[in-house]
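Right, one structure below, let's go through it.
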Amino acid sequence: MERDVVILDIDYITEDEKPIIRLFAKEKENNIVLIDDSFKPYLYVLPVGSLEDCEKAIREEISDVEIEPMVKKDFQVETDFLKLTFKHPQSLAKYRDTLRNLSQVAEIREFDIPFYRRYLIDKNVIPMTRVKIMGEPLDTFGSLNADELGLEIIKLSKPPVLVNDIVSDFRILSFDLEVRNPRGMPNSEVDEIIMIGVSSNFGIKKVISTKNKTVDNDFVQKVGSEKEMIQTFVDLINENNVDIIVGYNSDNFDFPYLKERAKILDVDVDIGMDNSTVKFIRRGYANAASIKGLIHVDLYLVMRRYMSLERYTLERVYEELFGIEKIDVPGEKIWQYWDSDNEKLDLLFDYSLDDVVATLEIAEQTLPLNLELTRIVGQPLFDLSRMATGQQAEWFLVKEAYFDNEVIPNKSSANFTDRMTADNNAGGYVREPEIGLHENLVQFDFRSLYPSIIISKNISPDVLEFGEVDNIDDYNVSPEHDFKFKKEPTGFIPSVIAKILNERFRIKREMKESTDPIEKRTLDVQQQAIKRLANTMYGIYGFPRFRWYSFECAKAITAWGRQYIKKSIKQAEKFGFYAIYADTDGFYAKYKKKSKEE
């Protein structure tokens, strides 16, 4: 059987002591779970001495492992490694310390890449894209039953193959809870949910509640109890085959509260493609609400990353994006509005609907960029929407390293934090603005200054040279610090940034030539996503937990940046332009006339 499907999500389970990759996919309205039992976890060992001695020492400690000698690049130098393949991710984790403690092992690498992410990278499976699959249909697999769940189960005979096709017509639903809270902060053990607002890009826009509006009741669906309200919400998601569900602070409040109330009322929140409920998994410093085959995006986390505001309430973010004030009800008074049964109750209903409409509008504004970043980085949208921009850039580099046959570095040890604190980077050049009203200004701006410096000066830890060198002409030497970077070969990170910047410039040319407004918008989202990744590369050079961490690289980039901007300001002065303000990659200047005639 051969099919074209869209990959939404991925996980792995264990069946008969084997790790099984499950890809959750869709083909139009059909839900599909793809099964791949052919993939195994692995890591690399850098030996001390000969490969043979190292392999012998490993086999004496670990019997159930496949060992294969391989030549891989380590900071661009071809190096002998041993690839160790295990039967299960748990075995890999079990023997990490054993391997580290062997005197014949210098280092173990790529041991900390989650199994499902390893699969996506190695098989070049890109979430939120269309792929061609080949396999055999199954009636059941593990706990999955195709007929009972109303889905297809396909065991892959080959890995999915990417189809060059942008997918954008995902079914998106936003939701929000309102809770009666007479004691202030709601307590899920005693405070009931009074409204569940939902809005979608496929025609649903309503509030489910145990009360009605007193007037103009055109969007409220009244139900008999809180239990029925939750069940109605669950049914609505399942019946409408939602692809992406969005909330605002839904990781921290809405989903935990919903699940706790559902448990008290004995309601199954079985909204996963495999009929599973909402589960909470660790992402960063917080728990994230995860649903199998249904992607949950918490827009609060997304907006904190993409906007700089004094506060990140839904009202503030919506006003910043759209210039419109949405309806607001003081949180501590929600219960009073609910109990009033007058125009305040009507306002509470309007507020509940306005919340989900605003959330959906924010999603429609921001998800295209996140979808494009998902495709570029190659990790699930659920994960990517919770990653800092530095993490997104790092996972993109991890993927690029795989295709460049480069073994990725380990994360730096914690003692680098102390070094970073003691040896701060001076940052970009800033000239404080001259006070007053200025007219007839000219603006000078470097295009992609830091990424361009990284490329032109070949700034990368794998070409950084310490100590004396034979011929200084073979190096780019940074101002102020005299850090030396080989001119050849091209460093790993400069090569990656050059590739993606060239792609961005190509997309911008296409965008300029296009006369189709929809195509223009799509191309603009693509180039914005690439720009975001490229501009992030500089910042994470100086982050100690970055795999390619190099504070020397970070300092060299800003030193060259300061040199270029100061030189440009001085050059402008020769032509009569005087800078009144400068910041990192550009400046504003006014023309100083020497005479009336001039």
Side-chain angles (χ1 to χ4, degrees), residues 4-9 24-32 127-130 149-152 165-177 195-209 217-223 229-248 250 254-255 258 269-275 278 289 291-299 302 314 318 321-322 326 349-350 352-372 374-375 380-382 385 517-518 521-522 525:
D4 278 8
V5 302
V6 177
I7 301 295
L8 294 181
D9 201 4
F24 297 90
K26 289 198 175 177
E27 180 191 34
K28 296 180 181 177
E29 295 298 311
N30 299 325
N31 291 339
I32 304 169
M128 314 310 288
T129 62
R130 195 177 306 283
L149 297 173
L151 50 75
E152 295 180 67
D165 184 19
I166 299 295
V167 184
S168 57
D169 56 342
F170 296 105
R171 295 171 67 83
I172 306 169
L173 181 132
S174 68
F175 85 107
D176 182 65
L177 306 184
M195 297 178 185
I196 303 178
V198 289
S199 183
S200 76
N201 66 348
F202 48 87
I204 293 175
K205 187 165 70 171
K206 63 183 176 182
V207 176
I208 309 165
S209 179
N217 182 26
D218 57 348
F219 61 82
V220 178
Q221 179 181 351
K222 186 180 179 183
V223 294
M229 187 195 319
I230 296 172
Q231 187 63 59
T232 301
F233 175 63
V234 169
D235 293 343
L236 183 149
I237 293 170
N238 289 329
E239 290 165 5
N240 287 279
N241 207 6
V242 177
D243 300 321
I244 302 172
I245 187 165
V246 296
Y248 202 86
S250 43
D254 296 270
F255 267 127
L258 178 73
V269 188
D270 49 355
I271 54 178
M273 191 183 289
D274 61 349
N275 217 31
V278 182
I291 308 152
K292 298 299 180 188
L294 171 59
I295 303 161
H296 168 223
V297 176
D298 186 343
L299 290 172
V302 174
L314 178 61
Y318 187 75
L321 281 177
F322 301 104
K326 66 173 294 298
F349 276 113
D350 292 338
S352 177
L353 186 69
D354 202 34
D355 267 4
V356 289
V357 169
T359 301
L360 182 65
E361 288 181 21
I362 293 171
E364 291 175 326
Q365 183 86 355
T366 58
L367 277 182
L369 178 63
N370 282 268
L371 285 167
E372 190 58 36
T374 296
R375 295 172 185 130
L381 175 59
F382 174 82
S385 67
I518 295 176
R521 280 199 301 274
T522 302
V525 168

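The first residue of the sequence shown is numbered 1, and numbering continues consecutively from there.
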Drop me the distance from [X]'s [atom1] to [Y]'s [atom2], to the nearest 0.5 angstrom.
X      : Y      : atom1 : atom2 : answer
Lys326 : Tyr318 : NZ    : OH    : 9.0 Å
Leu299 : Leu314 : CG    : CG    : 9.0 Å
Lys222 : Thr232 : NZ    : OG1   : 13.5 Å
Ile208 : Met229 : CD1   : CE    : 8.0 Å

Side chain to side chain, [X] and [Y], heavy atoms closer than 4.5 Å:
X      : Y      : value
Val242 : Ile271 : no
Met128 : Ile295 : yes
Arg375 : Leu371 : yes
Leu258 : Val278 : no
Ile362 : Phe322 : yes
Val198 : Val356 : no

For [X] versus [Y], what's the shortest heavy-atom pair and its separation?
X      : Y      : answer
Met195 : Ser352 : SD-CB, 3.8 Å
Ala363 : Pro368 : O-CD, 4.0 Å
Asn238 : Asp270 : ND2-O, 3.3 Å
Asp355 : Thr359 : O-OG1, 2.7 Å
Ser250 : His296 : OG-NE2, 2.7 Å
Val220 : Ser209 : CG1-CB, 4.5 Å

Checking the side chain of [X] only, and the main-chain atoms of [Y] only, is there a donor and an acceptor separated by less than 3.5 Å?
X      : Y      : value
Arg171 : Asn240 : yes
Asp254 : Leu177 : yes
Ser174 : Ser199 : yes
Asp9   : Lys292 : no
Asn201 : Phe170 : yes

>> Could you walk me through whether Leu353 and Phe349 satisfy the side chain to side chain contact (heavy atoms under 4.5 Å, CB included) test, starting with their C-alpha distance in whole Å, then the side-chain angles of each, then the deciding distance to 0.1 Å, before giving a yes or no?
In response: CA-CA 6 Å; Leu353 186 69; Phe349 276 113; over 6 Å; no
> Would Leu236 and Leu173 count as a side chain to side chain contact (heavy atoms under 4.5 Å, CB included) if you check the C-alpha gap in whole Å, the side-chain angles of each, and the deciding distance to 0.1 Å?
Replying inline: CA-CA 10 Å; Leu236 183 149; Leu173 181 132; 3.4 Å; yes
>> Apply side chain to side chain contact (heavy atoms under 4.5 Å, CB included) to residues Asp243 and Val6 and explain how you reach the verdict.
In response: CA-CA 11 Å; Asp243 300 321; Val6 177; over 6 Å; no
> Mind checking whether Phe175 and Phe255 have parallel, tilted or perpendicular rings, split at 30° and 60°?
Replying inline: tilted
> Of Val297, Ile291, Asp298, Ile172, which meets side chain to side chain contact (heavy atoms under 4.5 Å, CB included) against Ile245?
Replying inline: Ile291
>> Between Asn241 and Lys26, is there a side-chain donor-acceptor contact under 3.5 Å, judged purely by atom types and distance?
In response: yes
> Stepwise, does the side chain to side chain contact (heavy atoms under 4.5 Å, CB included) test hold for Leu367 with Val302?
Replying inline: CA-CA 9 Å; Leu367 277 182; Val302 174; over 6 Å; no
